[in-house]
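The next block holds one structure in the form of structure tokens; read it before the comments.
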Number of protein chains: 2
Amino acid sequence: MARTYNDQTEQNGAKTLSDQAYLQLRSDIIHGALQPDEKLRIEHLRGEYGVGASPLREALSRLTADGFVTAEGQRGFRVAPMSEEDLADITRLRILLEKQALSQSIEHGDDAWESRIVATFYQLEKVEESEERDPAEWELRNHDFHEALIAGCTSKWLRRFYGILYDQHKRYRNIALSTEIPRDLHQEHEELRNAALARDTKRACDAIEQHIMRTAEITLKVLREEAHKEQEIA
Amino acid sequence: MARTYNDQTEQNGAKTLSDQAYLQLRSDIIHGALQPDEKLRIEHLRGEYGVGASPLREALSRLTADGFVTAEGQRGFRVAPMSEEDLADITRLRILLEKQALSQSIEHGDDAWESRIVATFYQLEKVEESEERDPAEWELRNHDFHEALIAGCTSKWLRRFYGILYDQHKRYRNIALSTEIPRDLHQEHEELRNAALARDTKRACDAIEQHIMRTAEITLKVLREEAHKEQEIA
DNA sequence: TGCAAGTTTTTTATCGATATTTTTTGTAAA
DNA sequence: TTTACAAAAAATATCGATAAAAAACTTGCA
């Protein structure tokens, strides 16, 4: 017995190999380690992720439902492609959903909700005003802050869909972040925080729309520049 | 060789056994053949659906991502539970998304879009005014009509999420429909059709909101009556 | 009777092997 | 050179078997 069947080496919250593979693949797609449109060959992935074919196929099936992977008939899996239209689509819908979630949140939020916003904003502020501006750290803090804002939203389905769109957006943003563009998003975050704490729904919704739009625009710009550079090389 | 590996007996668009299992399970959950919260034992399902464990697990994984099935650690799969809160949640979000899809559709719809609305409305009208009022037939025509209304919407993500919510809603409605409550939804459909063809976004959105709310209310009422009856028996 | 520890049974998660389909490669004719 | 076809290679989808975990069932003891 060389090795126990399920050695508890999983650091994250993955209870099964299937979950582990799902989370890793998801992360690798979001962070660009797996390129858009890349073929995902089971036999190859087996080696990379150290799991068998069955858990891999399960993970890929789930990712297909999440829209991170495409599957075709008897022709296997691919990483979902990326496009300008897709980014625009995701952006528009994310704005709609985040506005809705934020409105509900402002309506139902209690003291704990307020505290969490203040706390996560503070942490985000620290990263945004620091010298190094570590993109990974920023992503984390940014996510925490946005999560705190909509924490008062009680709709399970809204949260589910929002989560998917946030991560889809993150995939696009990551590609842009890798080239690292510092920006003045801080004011927008501040306005967002203040509007939420003031329970001003209209103002908060405007702020979030503005904020997401701006982020998407920057991402789009970098995306185009990269596409341009690639063309020049070829 | 008793039987070829993949005999082309699939009537629907399922290219693999996995797809087949997915579609059948989905349908059985939506139509109530599989009860809410029911345990889904792989070994048992194997016999029912005539496929092996692997395609079944893949199908269940996808259904988990769709929210029709819940999965827990090493404790297998269950049909997703149903509750009044869940219905309310689905209803609210469906209204938001269908309004959005309808608006985009009205904006971009062309002649073909108009024709399809007229055609599907006509078919729906026939069922609604007929004597027998076959619920299955009505479901089909109702779906076609709603699909036609938002056919002009170009957002892939909006359509994806809307599709999920529509089917989730359908699951609740089916439970109510089995007891068969005839109603006067016809006027609402007519108003919806006219507003869409008149390209009156505001009016169409009001109509769709009204319509979905009413449907949900009726469903909720039947749901409560059924729950009440069950309590009396016990 | 109640209940706790150990044992059996059931069920789940996974792997390796196999049949099937798709893709690639090779070859000969137009 | 291109096209068409056939054979080989690769990859996919699936099944049966197996190890591990959870649930059900004893059985001994207060």
Starting from [atom2] on [N], measure out to [atom1] on [X] and report it in whole angstrom.
X     : N      : atom1 : atom2 : answer
A:L56 : C:dC15 : CG    : C1'   : 12 Å
B:K15 : D:dA13 : NZ    : P     : 13 Å
B:F77 : C:dT10 : CZ    : P     : 22 Å
A:H44 : D:dT12 : NE2   : P     : 12 Å
A:R57 : C:dC15 : CZ    : C1'   : 15 Å
B:I42 : D:dA22 : CD1   : P     : 17 Å
B:L40 : C:dT10 : CG    : P     : 20 Å
A:E58 : C:dT12 : CD    : P     : 12 Å

Side chain of [X], heavy atoms from C-beta onward: which of [options] has the nearest atom to it?
X     : options                : answer
B:Q74 : D:dA21, D:dC15, D:dT12 : D:dA21
B:L17 : D:dT14, C:dT11, C:dT14 : D:dT14
A:P55 : D:dA13, C:dC15, D:dC15 : C:dC15
A:R41 : D:dA13, D:dA11, C:dT14 : D:dA11

Q: Test B:F77 against every option in B:V69, B:L25, B:T70 by the side-chain contact (heavy atoms from CB on, under 4.5 Å) rule and name the one that passes.
A: B:V69
Q: Taking B:R173 for its side chain and B:T215 for its backbone only, find out whether a donor-acceptor pair lies under 3.5 Å.
A: no
Q) Given that A:S18 and A:R75 both sit by DNA chain C, which one's nearest nucleotide is further toward the 5' end? A) A:S18
Q) Can you pull the side-chain hydrogen bond (donor to acceptor under 3.5 Å, both in side chains) pairs that have at least one residue in residues 52-69 of chain A, sequence neighbours excluded? A) A:S18-A:E58, A:D19-A:R62, A:Y22-A:D66, A:R57-B:E58, A:E58-B:R57
**Q.** Close side-chain approach of A:E147 to A:R159, heavy-atom, < 4.5 Å
**A.** yes
(Q) Angle between ring planes, B:Y166 versus B:H146, binned at 30° and 60°: parallel, tilted or perpendicular? (A) tilted
Q.
Tell me whether the side-chain N/O atoms of A:K39 come closer than 4.0 Å to OP1 or OP2 in D:dT12.
A. yes
(Q) Can you tell me if A:R46 touches the phosphate of C:dG16, counting only side-chain N or O atoms and a distance under 4.0 Å to OP1 or OP2? (A) yes
